[in-house]
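Notes for the one structure printed next.
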Amino acid sequence: MANTYTQLYTHYIFAVRNRFGVISRSWKDDLYHYISGIIERQGHKMYIINGMPDHVHILVSMSPCQAPSDLMYHVKRSSSLWINQNRLVSGSFSWQEGFGAFSVGKPQLEQKIKFIISNP
């Protein structure tokens, strides 16, 4: 899109099915790296990713070419396949249906980044 300028910052939150705390410290960094790659390949800029054993927080600078629901479809589908193919959990892994998506203004970016970082 020539001559298009956007500042679309979105904070996404999505959880493991049934909020089971199965995201292990031993492989969470690999998961976050994998998710970051999905987001970059979809044409967006990853600002930060972090979470807890039962959910993930992501801050993304969105391209206007894709809807948030489409991005989350790709992130959740591909990452759950990756977790299952690598047998990182016993049984079958899946994300809970749905997600949270919250717009963030440019002046609030640093505050939101600090919040996401503080999620151990």
Side-chain angles (χ1 to χ4, degrees):
M1 281 193 245
N3 300 319
T4 299
Y5 177 76
T6 61
Q7 285 186 340
L8 305 171
Y9 305 103
T10 307
H11 175 196
Y12 292 99
I13 305 167
F14 53 97
V16 175
R17 181 168 305 279
N18 298 318
R19 296 297 295 243
F20 291 143
V22 297
I23 300 173
S24 170
R25 287 185 179 191
S26 65
W27 52 268
K28 76 172 187 164
D29 290 339
D30 292 333
L31 171 64
Y32 295 167
H33 182 74
Y34 188 81
I35 290 173
S36 296
I38 297 166
I39 290 169
E40 296 286 332
R41 282 190 303 278
Q42 292 294 314
H44 310 285
K45 180 182 177 193
M46 169 69 77
Y47 269 81
I48 189 140
I49 183 170
N50 202 7
M52 302 290 285
D54 67 345
H55 70 278
V56 175
H57 290 263
I58 302 172
L59 181 60
V60 178
S61 175
M62 295 288 294
S63 163
C65 297
Q66 186 178 39
S69 58
D70 291 337
L71 175 61
M72 286 295 98
Y73 169 80
H74 289 289
V75 166
K76 292 169 69 177
R77 180 181 178 279
S78 295
S79 62
S80 63
L81 286 171
W82 179 82
I83 291 167
N84 286 317
Q85 288 172 345
N86 287 286
R87 296 184 174 103
L88 298 173
V89 298
S90 61
S92 179
F93 177 89
S94 63
W95 297 108
Q96 189 166 304
E97 285 189 40
F99 59 92
F102 306 92
S103 60
V104 178
K106 188 167 180 148
Q108 289 77 40
L109 280 179
E110 287 302 316
Q111 178 183 358
K112 187 58 68 176
I113 289 168
K114 288 177 185 174
F115 169 78
I116 293 172
I117 288 172
S118 71
N119 274 284

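FYI, the numbering just counts along the sequence from 1. Note that the structure is a prediction, hence the values are computed from the model and not measured. All values below come from the heavy atoms of this structure, side chains included, with hydrogens, waters and symmetry mates left out.
Within a 6.0 Å radius of CD in Gln111, no more than 12 heavy atoms belonging to other residues, nucleotides or ligands are found. Atom CD of Gln7 has more than 12 neighbouring heavy atoms from other residues, nucleotides or ligands inside a 6.0 Å radius.
Summarising the geometry, atom CZ belonging to Phe93 is positioned 5.5 Å from atom CD1 belonging to Ile23; distances are rounded to the nearest 0.5 Å. To the nearest 0.5 Å, atoms CH2 (Trp95) and NE2 (His55) are separated by 10.5 Å. Note that CH2 of Trp82 is 5.0 Å distant from CG of Asp30, once rounded to the nearest 0.5 Å. Taken from CD1 in Ile39 to CD1 in Ile58, the straight-line distance is 4.0 Å, to the nearest 0.5 Å. With values rounded to the nearest 0.5 angstrom, Ser61 atom OG is found 5.0 Å from Tyr47 atom OH. If you take CD1 on Ile113 and CG on Leu59, they are separated by 5.5 Å, rounding to the nearest 0.5 Å.
Proximity of a side-chain donor or acceptor of Lys76 to a complementary backbone N or O of Gly98 within less than 3.5 Å is detected. Ser78 contributes no side-chain N or O that, together with a main-chain N or O of Val75, makes up a donor-acceptor pair within less than 3.5 Å. Remark: the backbone N or O of Gly51 is not paired with any side-chain donor or acceptor of His57 at under 3.5 angstrom.
Here the closest heavy-atom approach between residue Gln96 and residue Asn18 is recorded as OE1-N, 3.8 Å. Val16 and Pro53 make their closest contact through CG2-O, 4.0 Å (heavy atoms, listed as atom of the first residue, atom of the second, distance). A pairwise comparison of heavy atoms in His11 and Ile13 identifies NE2-CG1, 3.6 Å as the closest pair. When all heavy atoms of Ala101 and Thr10 are compared, the pair lying nearest together is CB-CG2, 3.9 Å. Taking both residues in full, the closest heavy atoms of Ser94 and Arg17 are given as OG-NE, 2.8 Å, listed atom of the first, atom of the second, then distance. Between Met46 and Ser36, the closest heavy-atom pair is CE-OG, 3.6 Å.
A continuous path of ILVMFWY side-chain contacts below 4.5 Å connects Leu8 to Phe99, so both sit in one hydrophobic cluster. Under the 4.5 Å side-chain heavy-atom criterion for Ile, Leu, Val, Met, Phe, Trp and Tyr, Tyr73 and Leu31 are members of distinct hydrophobic clusters. A continuous path of Ile, Leu, Val, Met, Phe, Trp and Tyr side chains, each step under 4.5 Å between heavy atoms, connects Ile38 with Trp27, placing both in one hydrophobic cluster. Connection of Ile117 to Leu109 is established within a shared hydrophobic cluster, with ILVMFWY side chains joined at heavy-atom distances below 4.5 Å, either directly or through further cluster members.
Cation-pi geometry between Lys28 and Tyr32 is not met at under 6.0 angstrom from the ring centre and within 45 degrees of the axis.
Between His74 and Arg41 there is no side-chain heavy-atom pair separated by less than 4.5 Å.
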